[in-house]
Protein chains: 2
Amino acid sequence: MSQVSMQVITELRRMISQGELAPGERLTETQIAQTLGVSRMPVRLAFRTLAQEGLLQQAGKRGFLIREFSEDDVICGLEIRGALEGLAARRLAERGLTDEVRAEFRHILQDGEELLTDQTLNDRKVEQWSAINARFHNTLVEAAGSPVIADAIARNNHLPFASSDSIMIDHNELEREFRKLQLAQWQHQLVVQAIEHGEGARADALMREHAYVGVRYGSLFGLQVRLRP
Amino acid sequence: MSQVSMQVITELRRMISQGELAPGERLTETQIAQTLGVSRMPVRLAFRTLAQEGLLQQAGKRGFLIREFSEDDVICGLEIRGALEGLAARRLAERGLTDEVRAEFRHILQDGEELLTDQTLNDRKVEQWSAINARFHNTLVEAAGSPVIADAIARNNHLPFASSDSIMIDHNELEREFRKLQLAQWQHQLVVQAIEHGEGARADALMREHAYVGVRYGSLFGLQVRLRP
DNA sequence: TCCTGATATATTGGATCCAATATGCCAGAT
DNA sequence: ATCTGGCATATTGGATCCAATATATCAGGA
């Protein structure tokens, strides 16, 4: 995939998730091509790609719409991630950890631990947590050693609300949000514990539950439930 | 998506799953375009689509290869289907059945029951079973009422070995194969029973196990284990 | 007033062309 | 003999053109 094609795809993804293109809006190749200053060709390819990812849907026989997602869709996207990452965790528990992967997990858990030791949060720390979290999930999926599972998870992550870094943080409630991240960190630790002990079913269950942390745990800490940014 | 584009995609899918294009083989747009008698354009679109589905993989910076799948990949494809259909079944159990869906399930189970009553199998019956089986799985996924889950399952089913009608039947061992289908039918019945009783976890577990019936149950009945056609 | 049908327009799909560049090949040098 | 560099070729990506057709608009009739 070439530079221009790639840029069109990422730019469209961005415009959709930032809301510059509203759900339900109709897209035409010409219009987007002009907006982005390219020919219709890369736009055509991008539309197909995004439609396959589920961000666009066909509008009758001509053109595409920006897909609208209900709150139920958001929950289902999370549950799919939970199910698939749970599968990866179970596989890892059943097949055992290599020393490298074990060390990498320890390192990630350590970093998370240190980040949260002083029990406070700020915008910078939220960013750092996001990186640590991404590393945890990537390591898990990679270590499971199945490209087929990794692909399935990657495809699901194309739904912006389903990916593991879609965790909603209210930057005005950082004391309460701290507790959410603390809980997420503990869940990471428990997952690794389960994997290390070869407890596949437990690792699976923990990952499924962990998928909810981003959008369903807010009420535990007196936070507003907001499914949208 | 237009006629020609569609035909190129389905024809390529067929050529791949029939083995006319061997795993690892390199494809060029021009070559396929000539073979199929179309211009490069629809081939270009098809390559992208199939790559996104996971049937092709990029070869360096130029061109695509037919992806090779290991036996482990096959098992993982099945486990993904199990996890996702299990999720659908759990949702259905938790949300309850409408009368229409309940009736449709009864009908499907009845048809399966009748097909297998005389305890014999022939090629025609295998075809009929395939139809009944497809209807069961489609009904389940539809009834779960989540387009996001349905899409995820549909995407996984693009892997030829992962779809629910990829069940391997040895047409020289029809007496033994009968028992496999009988067991699958019983599993269908148990899944519906669990759903009707609102037993989400049980429905989930049953669907996950059921996903294995196609390729891992052969040894129960003294059948050769063959992951490839 | 609302429906139906015909015409006009917009938009897409496929083919072709051209430029960019990855890849392979061959020759020359070490 | 093997490696390196440059050249030739193959192949892709993007743009443009043309045909097909879906969609919209408008007029006429029920």
Side-chain angles (χ1 to χ4, degrees), chain A residues 1-16 20-68 147 151 154-155 158, chain B residues 1-16 20-68 147 151 154-155 158:
Chain A
M1 180 135 40
S2 183
Q3 198 72 332
V4 177
S5 273
M6 203 62 189
Q7 281 173 353
V8 173
I9 291 176
T10 44
E11 183 61 10
L12 280 173
R13 275 211 203 97
R14 193 194 60 73
M15 289 166 85
I16 292 172
E20 293 176 27
L21 298 170
E25 190 173 336
R26 191 192 184 106
L27 301 183
T28 66
E29 295 175 359
T30 327
Q31 156 208 351
I32 299 293
Q34 283 181 344
T35 308
L36 301 183
V38 296
S39 85
R40 271 178 51 217
M41 181 61 50
V43 178
R44 215 157 134 182
L45 294 168
F47 279 9
R48 303 270 298 233
T49 299
L50 296 178
Q52 217 175 336
E53 286 176 2
L55 266 58
L56 302 182
Q57 59 185 24
Q58 259 177 321
K61 303 210 170 191
R62 282 277 166 93
F64 292 92
L65 305 178
I66 310 271
R67 177 147 167 206
E68 282 188 273
D151 285 357
R155 280 196 292 261
H158 281 133
Chain B
M1 178 135 43
S2 182
Q3 199 71 332
V4 177
S5 273
M6 204 61 190
Q7 281 172 354
V8 172
I9 292 175
T10 44
E11 182 62 9
L12 280 173
R13 276 212 202 94
R14 193 194 60 73
M15 288 166 88
I16 293 170
E20 292 176 27
L21 299 169
E25 190 172 337
R26 190 192 186 108
L27 300 183
T28 67
E29 296 175 1
T30 326
Q31 157 208 351
I32 299 294
Q34 283 181 344
T35 309
L36 302 183
V38 296
S39 86
R40 270 178 52 218
M41 181 62 49
V43 177
R44 216 158 133 181
L45 294 167
F47 279 9
R48 303 270 296 235
T49 299
L50 295 179
Q52 216 174 338
E53 286 177 1
L55 265 58
L56 301 182
Q57 60 185 25
Q58 259 176 322
K61 302 209 172 192
R62 282 279 166 93
F64 291 91
L65 304 178
I66 309 271
R67 177 147 166 207
E68 283 187 272
D151 285 358
R155 280 196 292 263
H158 281 133

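Sequence lines set the chain letters: A, B, ... in the order given, protein chains first and strands last, and positions in each chain run from 1. In this text the structure is predicted, and so the values were computed from the model without any measurement.
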By side chain to side chain contact (heavy atoms under 4.5 Å, CB included), which residues pair with [X], not counting sequence neighbours?
| X | value |
| --- | --- |
| B:Thr10 | B:Arg13 |
| A:Glu68 | A:Pro23 |
| A:Leu45 | A:Ser5, B:Leu45, B:Arg48 |

Parsed dot-bracket for DNA chain C after applying the Watson-Crick and G-U rules with both distances under 3.5 Å and | for other-strand partners is ||||||||||||||||||||||||||||||

*Among residues two or more places apart or on two chains, list those pairs meeting side chain to side chain donor-acceptor pair (under 3.5 Å) that have a residue in residues 24-35 of chain A.*
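Qualifying pairs, neighbours excluded: A:Thr28-A:Gln31, A:Glu29-A:Arg40.
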
Residues 58-67 of chain B vs side chain to side chain donor-acceptor pair (under 3.5 Å), sequence neighbours excluded, gives A:Asp151-B:Arg67

Students should find that the nucleotides of DNA chain C closing off the region near chain B, any atom under 4.0 angstrom from a heavy atom, are C:dG13 to C:dT23

Of the non-hydrogen atoms in [X] and [Y], which two are nearest, and what is the gap between them?
| X | Y | result |
| --- | --- | --- |
| A:Val43 | A:Ser39 | CG2-O, 3.8 Å |
| B:Ala46 | B:Val8 | CB-CG1, 3.6 Å |
| B:Arg155 | A:Glu53 | NH1-O, 3.8 Å |

By a strict heavy-atom criterion of less than 4.0 Å, which residues belonging to [range] are in contact with DNA chain D?
| range | answer |
| --- | --- |
| residues 2-15 of chain B | none |
| residues 47-68 of chain A | A:Lys61, A:Arg62 |
| residues 28-44 of chain A | A:Val38, A:Ser39, A:Arg40, A:Met41, A:Pro42 |

Distance col, row A:Met15:CE vs A:Leu27:CG, nearest 0.5 angstrom, shows 8.5 Å

Check: So how far is it from B:Leu56 CG to B:Thr49 OG1, rounded to the nearest 0.5 Å?
Finding: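 If I round to the nearest 0.5 Å, the distance is 9.5 Å.
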
*Hey, mind stepping through B:Leu21 and B:Leu12 against side chain to side chain contact (heavy atoms under 4.5 Å, CB included) and telling me if it holds?*
CA-CA 9 Å; B:Leu21 299 169; B:Leu12 280 173; 4.0 Å; yes

A:Met1 atom CE, neighbour heavy-atom count above 12 within 6.0 Å =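 Atom CE in A:Met1 is crowded, with more than 12 foreign heavy atoms closer than 6.0 Å.
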
**Message:** Contact between A:Met41 and B:Arg44 at the side-chain level, heavy atoms closer than 4.5 Å - yes or no?
**Reply:**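 Yes, at least one pair of side-chain atoms sits under 4.5 Å.
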
**Request:** Return each pair, listed once, that meets ring pair (Phe, Tyr, Trp, His ring centres under 6.0 Å) where at least one residue sits in residues 32-68 of chain A; pairs must be two or more places apart or across chains.
**Result:**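 Non-adjacent pairs meeting ring pair (Phe, Tyr, Trp, His ring centres under 6.0 Å): A:Phe47-A:Phe64.
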
